[in-house]
Structure formats: C-alpha cells, structure tokens
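We use all heavy atoms of the structure for the numbers below, so side chains are in, but hydrogens, waters and symmetry mates are not. In what follows, residues are counted from 1 in the order of the sequence shown.
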Amino acid sequence: MSVATVEADPATKKWHFVVDNLNIHQSETLVRYVAQESDITCDLGVKGESGILQSMATRAAFLANPSHRIVFHYTPKHGSWMNQVEIWLSILVRKLLKRGNFTSVEHLKAKVLAFIEYFNRTMAKPFKWTYQGKALEA
C-alpha cells in the first residue's frame with residue numbers, strides 16, 4: 001500500500017488492498033496511518049507490549065477490519081496459486097488498463113468484462129505449472 005495512492009484520491013471513501021504477509025504490511029506505522037485515515041482515536045497500545053500494536057496478529061486483525069476506510073486482505077501463506085492470479089492481472093494491465101481511457105467506473109467495468117470475454121474466447125489456456133512439490137536446495 002502506498003500513502004501516495006490513498007492521498008491521490010481523497011474523495012475515495014473505501015480502499016481495499018490485497019497484500020502478502022510481509023512484516024511491512026502489518027507495521028506499526030501502517031496501523032497508525034490506517035487509524036488516522038479511519039478517524040480512530042483510541043489508544044493503539046505499545047508495539048510488542050499491549051493493545052492493537054502488541055503483535056503481528058493483532059495488527060493484521062486491525063488492518064483487516066472491514067469497518068475501516070482502508071482495509072487489507074492478506075493472501076494465504078504459501079499461496080503460490082496467487083502467482084497464477086498475478087500473471088493474469090499483469091495481462092489485463094498490459095493489454096487493457098495501461099493505456100486505457102475510461103470515462104466512468106461503469107465504462108471501466110464494461111471494458112474489463114468485455115476483455116475477459118475476449119480473452120477467454122481467443123487467448124485463454126492453462127498456465128504451465130512447473131513446481132514439482134520438492135524442497136528447494138540451497
């Protein structure tokens with residue numbers, strides 16, 4: 001999540017970010033930023049000791065709270081299947097969104113749905129899964 005992303009469109013009432021489980025996505029700074037942006041004034045506690053800031057788990061639960069203005073959705077640990085989703089989203093970005101010009105959310109939605117239909121009809125094929133399920137050797 002980028003503060004610049006949120007600040008670029010202050011009129012947006014709700015932000016949803018899909019992120020992995022890196023520590024940076026559950027940091028004290030991020031919790032404080034989300035609390036500020038969500039007008040939460042309660043005591044957040046002390047990092048590593050108490051309250052919301054006590055642990056990574058308590059911070060992640062706070063950041064995933066759907067009542068906040070900024071909500072984080074965490075991908076599953078060891079979610080290599082997400083690579084397949086990332087590949088498809090990169091195709092969508094490169095083929096449609098990167099140079100797209102959309103006049104409204106409805107226009108964007110219509111274009112994305114049309115692209116999905118076109119992609120499924122003309123280009124869709126299974127991604128080649130190469131992982132053999134073996135431990136990686138150093």
Step through the shown structure and confirm whether more than 12 heavy atoms of other residues, nucleotides or ligands are within 6.0 Å of [atom1] on [X].
| X | atom1 | answer |
| --- | --- | --- |
| K14 | NZ | yes |
| I24 | CD1 | no |
| D9 | CG | yes |
| R121 | CZ | yes |

Between [X] and [Y], is any pair of side-chain heavy atoms under 4.5 Å apart?
| X | Y | value |
| --- | --- | --- |
| R59 | L30 | no |
| I91 | R94 | yes |
| R69 | V6 | yes |
| W88 | I116 | yes |
| L108 | L97 | yes |
| M123 | Y118 | yes |
| L63 | Y74 | yes |
| C42 | L44 | yes |

Are [X] and [Y] in one and the same hydrophobic cluster, where Ile, Leu, Val, Met, Phe, Trp and Tyr link if side-chain heavy atoms are under 4.5 Å apart?
| X | Y | answer |
| --- | --- | --- |
| I87 | V93 | yes |
| V46 | F62 | no |
| L89 | F102 | yes |
| V71 | I52 | no |

> Taking H25 for the side chain and D20 for the main chain, is one N or O donor matched with an acceptor at less than 3.5 Å?
Replying inline: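 Yes.
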Rounded at 0.5 Å granularity, tell me how far [atom1] in [X] sits from [atom2] in [Y].
| X | Y | atom1 | atom2 | value |
| --- | --- | --- | --- | --- |
| I40 | H68 | CD1 | NE2 | 3.5 Å |
| T41 | D43 | OG1 | CG | 10.5 Å |
| Q26 | N23 | CD | CG | 7.0 Å |
| N101 | K111 | CG | NZ | 9.5 Å |

>> Is the ring pair W15/F17 parallel, tilted or perpendicular, if the boundaries are 30 and 60 degrees?
In response: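 Geometry flag for F17 against W15: parallel rings.
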> Of the non-hydrogen atoms in F72 and V34, which two are nearest, and what is the gap between them?
Replying inline: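 Closest heavy-atom pair between F72 and V34: CE1-CG2, 3.9 Å.
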>> Restricting to non-hydrogen atoms, name the atom on G45 and the atom on R32 that form the minimum distance, rounded to 0.1 Å.
In response: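 Looking at all heavy atoms of both residues, the shortest contact is O-NH2, 3.9 Å.
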